[in-house]
Amino acid sequence: MQIAFAASECTPFAKTGGLADVVGALPRELVKLGHELSVYLPFYARIRKQFEDEPKVLIRSLTIPFQSYSRFVGVLDGGLLDGVQYYFIDCPELFDRKELYGPSGGEYADNAERFGLFCRAVIEASKQIGVPQIFHVHDWQAALIPVYLRNTYAADPALSGAATVLTIHNAAYQGTFPPRTTEDLLFPWEIFTMEKVEQYDRFNFLKGGVVFSDLLTTVSRKYAEEIQTADFGEHLEGILHKRAKDLRGILNGVDYTQWNPATDGNLAAHYSPENLDGKAACRADLLHAFGLENVAETTPVIGIVSRFATQKGFDIVAQITEQIATRDVVVVALGTHDPYYENLFREWAFRYPDKVAVQIRYDEVLAHKIEAGADMFLMPSRYEPSGLNQMYSLKYGTVPIVRATGGLDDTIEEWDEKKGTGTGFKFAGYGAKDLLAEIDRALEAFNDKTGWRRLMLNCMAQDYSWAEPAKEYVRLYEEAAQRRA
Ligand code: ADP
């Protein structure tokens, strides 16, 4: 099949979170299954910088009309990587900026225009380059593609055969804008209703995608159920429940070419289930990178790599920082985003310089070092659509401590020391006490060397590669294409 991905992030070009990992890895896996894949991305400043020579111009100018003006957009050839063809939508006025979405976790004021234009430009570009059988669109930034196709372009014979699949990577980010966005983006006012794109008197990109896509997916089975409830649906639960039979949960996979302690180029040493020796060198290297010296071998290291956002559960960590610091444990954290949580970690590290260390930035190499060098990995998320870091941790024998939600619940099985089964520590209630009790359980288990080794090997034996999820996506594309036919 011919499948076109449209998204705002994709490794190795532009990444702020898990979305980029998925849009980077899944197309390559689909190519292996014999499909023809293209990926459309906005041409951000950080992508431009990756090219010594400007990428070749494929289409010099597409006209993208708005209510009182037009913009003229180029389409660039991003090249073929592992069989996947990349296209960049070039509109320097909107995309040639330092950040993807806005300064320090905020939003650019013209994001409706930026991603509205991106969606329309992908459709227009495809009419010249080749209309795919499937548009697979990701998150709110690409969610207007189905809305345009079923409204603005409904009578276009070139596009009538194209089916659409929307993947929701996080239902909390919806892209909501003032009502006038409807006419700014040249939609008829008829679509600004509760049944279509309107939500609490806002124009809601994600809702539009949910309503107008042929099929919907999200990134774990559990999260597909959760988002149909008021606790997780972020006010879209009604519309999502209405489409329940078209909504599937497909767990994200891991790109083991990037995340494997036996081959990872970012590490001080390599290791594998057959020979775990290298992990000690990785641990020493990690502690050194965080300026923590003289940590006893018997003291476990808890690692954190995260967007510092409320979703990730750091409000309950905040309530027990003192208690954690009294335990025989060391915490290393890497993250950025919300200044509130950045300060929380800074203060924690300031108060306990021998036990807690934090680096406030985005750093791919350090993220790999933490996965390899830590003994445990903490993800106490309030909600977690899929979560990738716990799956990376499994491969690195770094035992996850997680809250039982979304993909964390789907991927981590509670450790049972009597039977020697399980892959981590998992608590259900969203409370500081539950979290602390689970951390204590993990610290106790760490003292039993033989049991801990069994647990590490259980973790490392898990296989969350993309092979199976990719096949599930293909079945879904076939279903979407049949419906459209
Ligand atoms: P989310 O997409 O909600 O942020 P995921 O667990 O799905 O969470 O994916 C997060 C991805 O981003 C992982 O690949 C993780 O390693 C990476 N990541 C998050 N924060 C940082 C950071 N500060 N430095 C490097 N990588 C990070």
Side-chain angles (χ1 to χ4, degrees), residues 7-26 46 99-101 104-105 138-141 167-173 218-220 222-223 227 232 234 250-260 264 266-267 286 289-290 303-314 332-339 341-342 345-346 357-374 377-396 398 400-403 405-412 464 466 469:
S8 58
E9 296 186 26
C10 172
T11 54
F13 300 109
K15 168 168 169 177
T16 73
L19 168 66
D21 293 299
V22 175
V23 178
L26 176 57
R46 68 179 68 172
E99 301 297 336
L100 270 51
Y101 309 124
S104 61
H138 298 264
D139 276 354
W140 75 264
Q141 293 89 347
T167 295
I168 301 171
H169 295 259
N170 191 330
Y173 298 87
T218 185
V219 288
S220 68
K222 182 80 183 261
Y223 193 61
I227 55 176
F232 296 92
E234 306 283 344
I250 303 178
L251 187 69
N252 283 340
V254 173
D255 182 352
Y256 288 124
T257 64
Q258 301 297 312
W259 297 95
N260 180 351
D264 191 331
N266 304 296
L267 308 185
L286 172 66
F290 274 89
I304 294 171
V305 179
S306 187
R307 263 187 312 118
F308 284 160
T310 307
Q311 171 205 340
K312 301 294 181 179
F314 298 119
V332 297
L334 169 68
T336 57
H337 194 61
D338 186 335
Y341 293 107
E342 292 181 355
F345 274 96
R346 273 197 200 99
V358 61
Q359 310 241 5
I360 308 287
R361 63 170 191 279
Y362 187 89
D363 185 334
E364 296 264 349
V365 175
L366 196 55
H368 285 251
K369 285 184 189 290
I370 293 176
E371 288 294 0
F377 195 93
L378 182 62
M379 287 180 85
S381 304
R382 179 182 291 273
Y383 71 92
E384 194 61 73
S386 162
L388 290 166
N389 281 308
Q390 85 280 13
M391 292 190 260
Y392 302 155
S393 300
L394 289 172
K395 186 74 180 170
Y396 286 73
T398 301
I401 304 171
V402 304
R403 182 158 172 269
T405 182
L408 298 175
D409 198 26
D410 282 357
T411 51
I412 305 303
Y464 285 106
W466 271 105

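Both counts, for ligands and for their atoms, begin at 1 and track the order of listing. This chain uses plain numbering: 1 for the first residue, then up along the sequence.
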Judged by heavy atoms only, the candidate from Trp259, Phe308, Tyr173, Tyr362 nearest atom 21 (C) of ligand 1 is Tyr362
Check if Ser386 has a non-hydrogen atom at a distance under 4.0 Å from any atom of ligand 1. no
| Under 6.0 Å between the ring centres of Tyr396 and Phe377? | no
Contacts of Phe290 meeting ring pair (Phe, Tyr, Trp, His ring centres under 6.0 Å) (sequence neighbours excluded), chain-then-number -> none
Exercise for review: Please state whether the rings of Tyr392 and Trp259 are parallel, tilted or perpendicular, taking 30° and 60° as the class boundaries.
Suggested key: parallel
Numbered in order shown, the ligand 1 atoms found under 4.0 Å of a heavy atom of Val305 are 16 (O), 18 (N), 21 (C), 27 (C)
Indicate yes or no: does an N/O atom of Glu364 lie under 3.5 Å from an N/O atom of ligand 1? no
closest protein heavy atom to atom 5 (P) of ligand 1 is Leu388 N, 3.8 Å
Query - Donor + acceptor pair across side chains of Thr16, Glu9 (<3.5 Å) - result: yes
shortest atom 24 (N) of ligand 1-to-protein heavy-atom contact is with Asp363 N, 3.0 Å
min-distance protein heavy atom vs atom 23 (N) of ligand 1 -> Arg361 O, 2.9 Å
Self-check item: Glu371 near ligand 1 by a heavy-atom separation under 4.0 Å
Solution: no
When distances are taken from atom 12 (O) of ligand 1, the protein heavy atom at minimum range is Lys15 CE, 3.6 Å
Check Asp409 with Lys222, please: is the shortest side-chain N to carboxylate O separation under 4.0 Å? yes
Test: Lys395 cationic atom under 6.0 Å from Tyr464 six-membered ring centre, within 45° of axis
no
Contact region, Ser306 to ligand 1, non-hydrogen atoms below 4.0 Å, reads backbone
Applying side chain to side chain contact (heavy atoms under 4.5 Å, CB included) to Val23 and not counting sequence neighbours gives Phe5, Ala7, Cys10, Leu19, Val39, His138
Ligand 1 to Gly335, heavy atom cutoff 4.0 Å, flagged ligand atoms 23 (N)
Looking only at non-hydrogen atoms, the one of Asn389, Ile370, Asn252, Val365 nearest atom 13 (C) of ligand 1 is Asn389
Atom 8 (O) of ligand 1 has as its nearest protein heavy atom Lys312 NZ, 3.1 Å
Ranked by distance from atom 4 (O) of ligand 1, the top protein heavy atom is Arg307 NE, 2.8 Å
min-distance protein heavy atom vs atom 10 (C) of ligand 1 -> Gly18 N, 3.6 Å
Nearest heavy-atom approach of Gly253 to Leu388 is O-CD2, 3.6 Å
Handout entry: Sidechain N-carboxylate O distance under 4.0 Å for Arg403, Glu384
Key = no
Going by the 4.0 angstrom heavy-atom rule, the piece of His169 near ligand 1 is neither
query: Quick check: does any side chain N or O of Ser220 sit under 3.5 Å from a backbone N or O of Pro385, one acting as donor and the other as acceptor?
result: yes
